[in-house]
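What follows is a short report on a single structure.
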There are 2 protein chains.
Amino acid sequence: MVCPSPDQMMTAIRHPVTRKKRPVNTMAGKQDQYFSKTLEKGLSILNLFGRENPSRSLTEISTLTGINKTSTYRMVNTLVQLGYLRKNITDKSLRIGPKAFSLGHECFHGFDIYQGIKPIIDKTFFEHHISIDSALIDGYKLISLYRREMPNLVSFHLPLIMDELYARAMGKIVLANLGPDDLEHYFADLAPQKLTSHTLVDIDEIRKDIRNTRTRGYSINNKEYMTGVISIGAPMMNLQTKSVVGAVSLDFPSKEYSLDAIEKQYISVLLTLATEASDLITTAGIRQ
Amino acid sequence: MVCPSPDQMMTAIRHPVTRKKRPVNTMAGKQDQYFSKTLEKGLSILNLFGRENPSRSLTEISTLTGINKTSTYRMVNTLVQLGYLRKNITDKSLRIGPKAFSLGHECFHGFDIYQGIKPIIDKTFFEHHISIDSALIDGYKLISLYRREMPNLVSFHLPLIMDELYARAMGKIVLANLGPDDLEHYFADLAPQKLTSHTLVDIDEIRKDIRNTRTRGYSINNKEYMTGVISIGAPMMNLQTKSVVGAVSLDFPSKEYSLDAIEKQYISVLLTLATEASDLITTAGIRQ
DNA sequence: ATAGCTGTTACTGTTATAGTAACGGATTGG
DNA sequence: CCAATCCGTTACTATAACAGTAACAGCTAT
């Protein structure tokens with residue numbers, strides 16, 4: 001289970017399902033005194049900007065976040081005044097500002113897990129010459145952590161935040177290690193997309209695949225996310241709380257590697273890597 | 001002038017001096033309806049974390065930000081719930097969370113100025129084999145933008161946000177291009193530190209240096225920030241508003257280069273670079 | 001056992017924010 | 001050329017969210 005005790009719940013990353021309940025404003029659960037909605041809104045605005053979306057308008061932000069236009073204006077104005085966003089004088093379009101840039105730099109390089117996993121992955125990369133990926137769970141999404149890619153692999157520009165857990169090696173092994181309740185929550189509002197001809201879109205098939213993954217101990221993605229790419233994934237576990245917090249995967253071009261060959265040769269590499277990553281995570285105290 | 005018209009003032013990055021007035025709560029100026037203090041606080045907390053300070057305690061955050069402990073708790077709790085920070089269960093110490101990591105990544109790589117200046121600096125770097133630095137103004141600080149360093153230079157790990165404008169090539173040229181009012185504001189609460197034996201600490205000397213820099217058109221830092229490093233700097237100007245928004249600098253090891261030689265050989269390189277950077281800045285619409 | 005740290009919670013007055021509505025400027029289309 | 005929309009910005013008010021005091025609980029060291 002992701003949120004076993006009330007104590008852990010506070011510390012844990014807030015669950016998407018739990019979050020959804022908030023707007024309902026059910027008077028039963030007292031409105032968390034110690035949660036700032038304003039800050040949440042401000043950050044959700046900042047999150048709309050990135051490599052893919054460098055520029056946005058006020059109304060765009062308002063509709064995307066669901067925040068009232070005036071409130072959006074207040075938040076945006078604050079961010080502009082503080083330098084996190086900047087505003088084009090003529091068309092009033094908004095872009096990332098210098099302050100967000102420096103904050104970003106600090107947050108990225110100051111993230112201890114990133115600094116910790118880098119050498120681990122690099123080592124495996126140079127030893128075995130294979131593409132390696134790693135990610136952390138956030139709700140029902142994966143946040144890309146660190147990646148090394150061989151030139152033989154079709155360089156696919158990974159999004160930083162990954163949906164489609166059902167179609168990815170890292171996603172599958174995460175799902176396989178979730179508690180039954182969390183897994184059900186995931187399936188509850190799952191609408192699988194056919195990304196390649198191999199993608200599983202039938203819920204029952206996906207369920208079976210997850211069960212197999214669980215007993216197998218590692219996950220297999222046989223060209224289900226991208227044609228020409230076969231991956232195997234293993235979980236990053238917090239060994240104290242016995243919960244998944246992320247995953248690592250090895251990616252191969254299907255032209256050069258058969259699934260059989262991969263399973264024969266690289267499972268031990270994968271599992272060793274996963275163990276090292278799990279140790280790191282456990283001492284760092286990342287919890288689901 | 002940094003804030004010439006009320007219209008620009010809103011769009012501009014908020015001036016440190018202007019900001020200071022806020023807490024005085026002078027009833028004369030109506031409390032900005034469209035500025036969220038809560039968001040400001042939340043972001044100021046996030047800013048306390050970085051490569052240098054990966055872990056902090058609640059009281060530490062409270063004292064550093066000057067925010068009441070309970071409010072700090074609320075903000076921190078929010079950030080933890082949203083995944084921007086994470087909390088060690090045992091000692092309750094706080095660290096950067098996965099969400100801040102991904103936000104950071106997006107803000108860093110989504111910053112168009114960074115993407116734009118990279119090729120410009122790279123080109124000059126590969127053509128002339130010299131160390132190059134660039135930065136943007138934020139208040140009276142410089143935010144490091146992009147840097148390429150030659151191995152012959154004592155690799156000094158630059159802080160991302162730079163104070164000590166008076167002792168740096170990029171700082172001096174920025175000061176030299178400020179409006180008289182802004183420059184006075186800068187000098188008003190300046191307490192120069194003697195960083196090397198060459199650092200100017202006498203205010204009048206610094207003033208004279210800034211005047212010389214202004215007429216010269218570029219700045220010179222003769223081992224005033226670091227022993228063994230000579231730099232020359234030129235401004236990044238918004239050519240429409242005729243205001244400084246940042247600076248570029250070329251850095252040389254004093255063992256291999258004399259100041260004379262640098263001025264003879266590299267001023268044109270510097271100014272060309274500055275022009276290209278200014279063009280970028282102007283089209284991007286960065287304003288002071 | 002006690003003192004002195006933490007972080008956490010209860011409680012309350014007030015203020016900061018949400019949200020409606022209206023405004024002005026720019027752009028579009030008839 | 002004027003109406004119709006779009007956009008961002010502002011005025012205004014009820015109310016929910018927040019600030020801040022103070023007390024509490026858990027931990028450590030003396």
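Proteins get letters first, then strands, A, B, ... in listed order; numbering begins at 1 in each. The basis for the numbers below is simple: all heavy atoms, side chains too, and nothing from hydrogens, waters or symmetry mates. Note that the coordinates shown come from a computational prediction; the quantities given were computed from them, not determined experimentally.
OP1 and OP2 of C:dT15 both lie 4.0 Å or more from every side-chain N or O belonging to B:Lys37. Distances shown here put a side-chain N or O of A:Ser36 below 4.0 Å from the OP1 or OP2 atom of D:dC18. Residue A:Lys92 places at least one side-chain N or O under 4.0 Å from the OP1 or OP2 atom of D:dT9. Considering only side-chain N and O atoms, A:Lys87 lies under 4.0 angstrom from the phosphate OP1 or OP2 of D:dT9. Contact check, A:Thr59 against D:dC6: no side-chain N or O comes under 4.0 Å of OP1 or OP2.
Counting only heavy atoms from C-beta on, A:Thr38 has its side chain closest to D:dA17 among D:dG20, C:dG7, D:dA17.
Checking side-chain atoms of B:Arg86 against main-chain N and O of B:Leu94 turns up no donor-acceptor pair under 3.5 Å.
No more than 12 heavy atoms of other residues, nucleotides or ligands lie within 6.0 Å of CD in A:Gln240, so this atom counts as exposed by the packing criterion. Heavy atoms from other residues, nucleotides or ligands lying under 6.0 Å from CD of A:Glu184 number more than 12.
Remark: A:Thr63 engages no residue in a side-chain contact (heavy atoms from CB on, under 4.5 Å) (not counting sequence neighbours). Take B:Thr283 and apply the side-chain contact (heavy atoms from CB on, under 4.5 Å) test, not counting sequence neighbours, and it matches no residue. In this view, A:Lys41 satisfies the salt bridge (charged side-chain N to carboxylate O under 4.0 Å, His left out) rule with no residue, not counting sequence neighbours. Residues that satisfy the salt bridge (charged side-chain N to carboxylate O under 4.0 Å, His left out) test with B:Asp163, not counting sequence neighbours, are B:Lys141. For A:Glu276, the salt bridge (charged side-chain N to carboxylate O under 4.0 Å, His left out) partners two or more places apart in sequence, or in a different chain, are A:Lys123.
For residues 60-83 of chain A, the set of pairs meeting the salt bridge (Lys or Arg N to Asp or Glu O under 4.0 Å) definition, not counting sequence neighbours, comprises A:Arg56-A:Glu60.
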For nucleotides 21-24 of chain D, print each protein N/O atom paired with a nucleotide N/O atom at under 3.5 Å, atom names and distance only.
{"from": "D:dT21", "atom 1": "O4", "to": "B:Thr70", "atom 2": "OG1", "distance (Å)": "2.7"}

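The separation between B:Ile89 atom CD1 and C:dT8 atom P is 12 Å, rounded to whole Å. As rounded to whole Å, 17 Å separates atom C1' of C:dT8 from atom CG of B:Asn88. Between B:Asp32 atom CG and D:dT10 atom C1' the separation is 12 Å, expressed in whole Å. The CD-C1' distance, from B:Gln33 to D:dC12, rounds to 8 Å in whole Å. One can place CZ of B:Phe35 at 15 Å from P of D:dT10, the figure rounded to the nearest angstrom. Here C:dG7 presents its P atom at 13 Å from CG of B:Asn77, a figure rounded to the nearest Å. One can place CG of A:Asp91 at 14 Å from C1' of C:dG25, the figure rounded to the nearest angstrom. D:dT10 atom C1' lies 13 Å from atom CG of A:Leu58, rounded to whole Å.
Toward the 5' end of DNA chain D, the nearer of the two residues A:Leu39 and A:Arg74, judged by each one's closest nucleotide, is A:Arg74.
Taking five base pairs at each end of the helix from C:dA1-D:dT30 to C:dC23-D:dG8, the local helix axes there meet at an angle of 50°, rounded to 10°.
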Return all side-chain donor-acceptor pairs below 3.5 angstrom for residues 97-105 of chain A, not counting sequence neighbours, or 'none' if the list is empty.
{"from": "A:Lys99", "atom 1": "NZ", "to": "B:Asp138", "atom 2": "OD2", "distance (Å)": "3.3"}
{"from": "A:Ser102", "atom 1": "OG", "to": "A:Lys99", "atom 2": "O", "distance (Å)": "3.2"}
{"from": "A:His105", "atom 1": "NE2", "to": "A:His109", "atom 2": "ND1", "distance (Å)": "3.1"}

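For C:dA16, its base never sits under 3.5 Å from the side chain of B:Tyr34 at any donor and acceptor pair.
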